[in-house]
Amino acid sequence: MMDILYTGPIPAERESPMARSETSSSRARPAAAQRPNACCFCWCCCCSCSCLTVRNEDENRARKSQETKMETIPNCEACTKPTVDEMRLWAQSFDKLMKNPAGRNVFREFLRTEYSEENMLFWLACEDLKKEINKSVIEEKARLIYEDYISILSPKEVSLDSRVREVINKKMQEPTPHTFEDAQLQIYTLMHRDSYPRFLNSSIYRNLIQTGSRSSSES
């Protein structure tokens, strides 16, 4: 009996999972290579404020997944470019840093690298609430602050002790511009004692001083 030979198209060999993985990763490399990862400190012309461009796509995706309703605080506060002398004053006391809009911007960028930017966001939100005089606006902003930074269900919850939380829960029955005053002070103290010393020793602050000093000597 004569064997019948198959003359149709030969199916392509199935790639192993490992081969597919290597192929996909090799395809992904050019895109990754093109991704900008430069870290530079700039003073934005569009808003005359300080912002540190240290981002990558993975961090942006992670941050977006944590966004909640309180999105009224801009990425940078409006400010003028500080002088070297002003920047050096930030190292003299935490109060001087926090009273300077440019200083707050730089410190906020440092907190972001430590995944604790919510502390500054909460502090800024409390400062914004203190300026309100309209009762309905106060109630709405207080509710948003509570949902974003006090609620245990929020990904941006700040670290507060039980006493302060109890005070806030009572005050939320009839919110005022000073509902979060105790909590704001506690977070301010936390940033002062915990984050501020590391900020002064960080490359962000040191490079800023060095760049400012170099620019002053060249001008």
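Hydrogens, waters and symmetry mates are skipped; everything else that's a heavy atom, side chains included, is used.
Residues satisfying the salt bridge (charged side-chain N to carboxylate O under 4.0 Å, His left out) criterion with K130, sequence neighbours excluded, are E127. Checked against salt bridge (charged side-chain N to carboxylate O under 4.0 Å, His left out), E181 has no partners two or more places apart in sequence or in another chain. Every side chain to side chain contact (heavy atoms under 4.5 Å, CB included) that N100 has, sequence neighbours left out, goes to E86, W90, A102. Scored by the salt bridge (charged side-chain N to carboxylate O under 4.0 Å, His left out) test, R198 finds E114, D194 as partners (sequence neighbours excluded). H192 meets the ring pair (Phe, Tyr, Trp, His ring centres under 6.0 Å) test with F94, Y196; sequence neighbours excluded. Taking E139 as the reference, K135 meet the salt bridge (charged side-chain N to carboxylate O under 4.0 Å, His left out) condition, with sequence neighbours excluded. With sequence neighbours left out, the side chain to side chain contact (heavy atoms under 4.5 Å, CB included) criterion links P101 to C79, R104. With sequence neighbours excluded, the residues that form a side chain to side chain contact (heavy atoms under 4.5 Å, CB included) with Q92 are L89, K96. Partners of I168 under the side chain to side chain contact (heavy atoms under 4.5 Å, CB included) rule, at least two apart in sequence or in another chain, are Y146, I150, L160, V164, M172, F180, A183.
The minimum heavy-atom distance between T179 and T176, with the atom names listed, is OG1-N, 2.8 Å. Residues I138 and P177 approach most closely at CD1-CG, 3.6 Å, considering heavy atoms.
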Give every donor-acceptor pair under 3.5 Å between a side-chain atom in residues 203-210 and any protein atom, sequence neighbours left out.
{"residue": "Y205", "atom": "OH", "partner": "M87", "partner atom": "O", "Å": "2.6"}
{"residue": "R206", "atom": "NH1", "partner": "N201", "partner atom": "O", "Å": "2.2"}
{"residue": "N207", "atom": "ND2", "partner": "S203", "partner atom": "O", "Å": "3.1"}

What verdict does the side chain to side chain contact (heavy atoms under 4.5 Å, CB included) test give for H178 and L129, after you've listed the backbone C-alpha separation in whole Å, the side-chain angles of each residue and the deciding distance to 0.1 Å? CA-CA 8 Å; H178 304 285; L129 179 64; over 6 Å; no
Criterion side chain to side chain contact (heavy atoms under 4.5 Å, CB included) on S202 and E109, from CA distance to verdict: CA-CA 11 Å; S202 69; E109 292 297 338; over 6 Å; no
Could you please spell out the steps behind the side chain to side chain contact (heavy atoms under 4.5 Å, CB included) verdict for W123 and M98? CA-CA 10 Å; W123 189 88; M98 290 293 285; 3.7 Å; yes
CA sep, side-chain torsions, deciding dist, call: Y149, C126, side chain to side chain contact (heavy atoms under 4.5 Å, CB included): CA-CA 11 Å; Y149 305 110; C126 292; over 6 Å; no
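Listed for the T113 side chain is a donor-acceptor partner under 3.5 Å among the backbone atoms of F110. Panel note: side chain N105, backbone E77; a donor-acceptor pair is recorded below 3.5 Å.
You'll find the side chain of D148 stays beyond 4.5 Å of the side chain of F122, heavy atoms only. No side-chain heavy atom of F107 sits less than 4.5 Å from a side-chain heavy atom of N119. Looking at R165 and D161, their side chains never come closer than 4.5 Å, going by heavy atoms from C-beta outward.
The same ILVMFWY cluster, assembled from side-chain heavy atoms under 4.5 Å apart, contains both L190 and L200. Side-chain heavy atoms closer than 4.5 Å link hydrophobic residues (I, L, V, M, F, W, Y) into clusters, and following such links, possibly through other members, connects L111 to Y188.
A distance of 9.0 Å separates CG of D85 from OG of S213, quoted to the nearest 0.5 Å.
Within the structure, no pair that satisfies the salt bridge (Lys or Arg N to Asp or Glu O under 4.0 Å) test touches residues 183-193, not counting sequence neighbours. Note on residues 166-175: pairs passing salt bridge (Lys or Arg N to Asp or Glu O under 4.0 Å), not counting sequence neighbours, are E166-K170.
Side-chain atoms of S136 and N134 form a donor-acceptor pair, as typed in the model, at a separation below 3.5 Å.
At a threshold of 4.0 Å, the pair E118-K156 does not count as salt-bridged, since none of the basic side-chain nitrogens sits closer than that to a carboxylate oxygen.
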